[in-house]
Amino acid sequence: MALQPGPEELGEQVVEEPEDMEDQDASSISPAEEITLPVGQGGEDESEPLLLPWDRFSAWLHCICVVGFDLELGQAVEVRPQQSKDYRDKTSICYLSFPDSNSGCLGDTQFCFRFRQGSNRKSSLGCFLETADRDAPVSLKRDQGHYYGYVYFRQVRDKSLKRGYFQKSLVLISRLPYVTFFHSLLKILAPEYFDKLEPCLEAACNDIDRWPTPHPGRVLSLPIMGVVIKVRIPTCYDKPGTSQLVQSTQLCTLMLWELVLLGEPLVVMAPSPAESSDTVLALISCLSPLRYCSDFRPYFTIHDSEFKEYTTRTQAPPSVILGVTNPFFAKTLQHWPHIVRIGDMKQEGEMAKQMKVRKLKNLKTLDCKTGVYSAFKPFLNKDEDILKQLQKGVQQKRPSAAQNAILRRYFLELTQSFIIPLERYVASLMPLQKSITPWKSPPQLRPFLQDEFMKTLEKAGPQLTSRLKGDWIGLYRQFLRCPNFDGWFRNRKREMSQKLDALHLEALCEEVRGSVLKLEKHRYVIDIDLIREKNHLPVRPGTVSKLQAHIEAIILGLPEDLQGILHRPSTP
């Protein structure tokens, strides 16, 4: 069964309405892996700060690039809007915007790439976007270290050109991993641009600068090219499994899930950039709701700045997933431990059982058989039930959306079964609430002890929620040494530290509130030192300012004579 990346195949509905329509109903254009979520309550954020020109544009896109490919003049890139003309990553974008493969790309092709941020430019919306980003699922948070490039490439025959073809790409550059949304946006923008050229692009930039800033959970109205797109960005509070993941029954092998979970170096060799990027994103989405924390490149070329770093044989391959199309990589990356070779997914009849595990020595060219080339021995036993279920669906000609729904549910439940014991143990590292007092610093989290965690697996391990058998202990031991665990634990530790700060602040405020109530009722003099020395309290940065705001609010609510007592200068 073929990979199904696009919104049409996955049943996504892009709602395009004339700008003057006032209908408030909206369907979801799902960002990244998220497809067709139910619409919740929402609307434009009326509390947005005063925004400068191009701030709204920058909240969605870094810039729009037009890349032309000419046999005599070479590659040329134009950047919009004008404020982004000093963009430094033009060379990388030029190479990544062109399909580098032996397969023909006649007509229109869409794919995406990801590359390291070349310049550390800060937006005036920084604080506001960080606040809005907090409600997004981990897989949809903006990427601070990388940019995403969403490409619409057109190649048509033109005898007037020396190469014989017109070749040009329209590229959206953004830190947002909203893959499906930006591909849908390009389907509106690109045909208009190729027909009307520059005036159309300038108008599009101005339209985007009218958009409300991204806000998870709200239904946003986005005017573009005379129509209005309704979009709801998913939130971290949405019920797990309500969002559809880009998946493929052709990739249905438990071994691949383990390789991605453990952050193993992995190469996807595909016949086209579209199939390369779709497959890499499908692998990443298998870990949902866990975030993939290593590097990944949906489309990687020999011109990439990290080419030497990733192809050297003097050291072990890094923890990264690469999607490649150039046959040169079959030789250059032959020393990598895990290689996935996929065929043309437009061909019908490819079944899950064809994704076989093969020996690495059999990989010599990009034209070799479809399969996973690896010496990796999976920790978990093969799940015959899911394979039979999918193969039965192929035989019964079950709709692709239904097949993908089965896979989404399967991998979601598998990942949840794996992460629940970790969540349970980490929750036990939290200090008891009774240990939090206003006169001491917040207690520290207990350290994560691997051996202690392993002991919990015997009675409270994944066997409680998963039917799979195998070496779960070995899988956990290796996971605890990989970037995915490090990223997950850092995030959980930060969340729990913030919770401790909030509980400590609450205890401080309750103590102040209690003292003020006594003062108001009995005219007792409260402990003025608490107010005067608030800047020396043993609390974490940020807590003092919050405490001060709470205290000032309490004082302003008191009678004027009591306010005078509290604000009276201290005597020597």
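Side-chain atoms are counted along with the backbone in the values below, which use heavy atoms only and exclude waters and symmetry mates.
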Subject >> Residues D486, R490: salt bridge by 4.0 Å N-O rule >> reply: yes
Subject >> Pair K388 + D383, salt bridge at N-O below 4.0 Å >> reply: no
For residues [X] and [Y], report the shortest heavy-atom separation together with the two atoms involved.
{"X": "L61", "Y": "S174", "answer": "CD2-CB, 3.9 Å"}
{"X": "C236", "Y": "R134", "answer": "SG-O, 4.1 Å"}
{"X": "A59", "Y": "L176", "answer": "O-CD1, 3.7 Å"}
{"X": "P271", "Y": "R341", "answer": "CD-NH1, 4.2 Å"}

Original post:
Given the rule in the ring-ring contact (aromatic ring centres under 6.0 Å, His included) test, do Y148 and F182 qualify, once you have shown the distances and angles that lead to the verdict?
Top reply: CA-CA 10 Å; Y148 290 83; F182 283 119; 9.1 Å; no
Using a 3.5 Å cut-off and no angle test, enumerate the donor-acceptor pairs between side-chain atoms of residues 420-436 and protein atoms at least two apart in sequence or in another chain.
from: E423; atom 1: OE1; to: R492; atom 2: NE; distance (Å): 2.9
from: E423; atom 1: OE1; to: R492; atom 2: NH2; distance (Å): 3.4
from: R424; atom 1: NH1; to: A460; atom 2: O; distance (Å): 3.0
from: Y425; atom 1: OH; to: L449; atom 2: N; distance (Å): 3.1
from: Y425; atom 1: OH; to: L449; atom 2: O; distance (Å): 3.4
from: Y425; atom 1: OH; to: E452; atom 2: OE1; distance (Å): 2.5
from: S428; atom 1: OG; to: Y425; atom 2: O; distance (Å): 2.4
from: S435; atom 1: OG; to: L432; atom 2: O; distance (Å): 2.5

Donor-acceptor contact below 3.5 Å, side chain [X] vs main chain [Y]:
{"X": "S276", "Y": "P298", "value": "yes"}
{"X": "K382", "Y": "L254", "value": "no"}
{"X": "Q117", "Y": "H146", "value": "no"}
{"X": "N404", "Y": "S400", "value": "yes"}
{"X": "T325", "Y": "D100", "value": "yes"}

Does the side chain of [Y] come within less than 4.5 Å of [X]'s, by heavy atoms?
{"X": "R467", "Y": "D385", "answer": "yes"}
{"X": "Q416", "Y": "P289", "answer": "yes"}
{"X": "I321", "Y": "V260", "answer": "yes"}
{"X": "I473", "Y": "R477", "answer": "yes"}
{"X": "L290", "Y": "L261", "answer": "yes"}
{"X": "Y237", "Y": "D135", "answer": "yes"}
{"X": "S139", "Y": "S285", "answer": "no"}
{"X": "L475", "Y": "F418", "answer": "yes"}

**OP:** For R409, enumerate each residue passing the side-chain hydrogen bond (donor to acceptor under 3.5 Å, both in side chains) test, keeping only those at least two apart in sequence or located in another chain.
**Re:** none
Working to the nearest 0.5 Å, report the span between [atom1] of [X] and [atom2] of [Y].
{"X": "S374", "Y": "E264", "atom1": "OG", "atom2": "CD", "result": "8.0 Å"}
{"X": "L333", "Y": "R313", "atom1": "CG", "atom2": "CZ", "result": "8.5 Å"}
{"X": "N484", "Y": "F489", "atom1": "CG", "atom2": "CZ", "result": "15.0 Å"}
{"X": "K377", "Y": "M255", "atom1": "NZ", "atom2": "CE", "result": "12.0 Å"}
{"X": "K308", "Y": "T312", "atom1": "NZ", "atom2": "OG1", "result": "10.0 Å"}
{"X": "E384", "Y": "I386", "atom1": "CD", "atom2": "CD1", "result": "11.5 Å"}

Sequence neighbours excluded, which residues qualify as ring-ring contact (aromatic ring centres under 6.0 Å, His included) partners of [X]?
{"X": "Y410", "answer": "none"}
{"X": "F113", "answer": "F115"}
{"X": "W472", "answer": "none"}

**OP:** Please determine which of F153, Y299, Y152 meets the ring-ring contact (aromatic ring centres under 6.0 Å, His included) test together with F111.
**Re:** Y299
Subject >> S417 versus S466, side-chain donor and acceptor atoms under 3.5 Å >> reply: no
Subject >> Full working for side chain to side chain contact (heavy atoms under 4.5 Å, CB included) between L390 and Q403 >> reply: CA-CA 7 Å; L390 293 170; Q403 291 282 81; 3.9 Å; yes
Subject >> Worked verdict on Y147 versus H62 for ring-ring contact (aromatic ring centres under 6.0 Å, His included) >> reply: CA-CA 9 Å; Y147 284 116; H62 183 70; 4.8 Å; yes
Subject >> CD (E458) with more than 12 external heavy atoms under 6.0 Å >> reply: no
**OP:** Sort and list the pairs that fulfil salt bridge (charged side-chain N to carboxylate O under 4.0 Å, His left out) and have at least one residue in residues 281-303, not counting sequence neighbours.
**Re:** R114-D295, D295-R297, R297-D304, R297-E306
**OP:** List the steps, then state whether side chain to side chain contact (heavy atoms under 4.5 Å, CB included) holds for L468 with N381.
**Re:** CA-CA 7 Å; L468 280 180; N381 300 336; 5.7 Å; no
**OP:** Evaluate side chain to side chain contact (heavy atoms under 4.5 Å, CB included) for V171 paired with S97, printing each intermediate quantity in order.
**Re:** CA-CA 7 Å; V171 189; S97 300; 3.3 Å; yes
Original post:
Are the ring centres of F181 and W60 closer than 6.0 Å?
Top reply: yes
**OP:** Could you go through the side chain to side chain contact (heavy atoms under 4.5 Å, CB included) check for F296 and L281 one step at a time?
**Re:** CA-CA 9 Å; F296 63 96; L281 293 173; 4.3 Å; yes
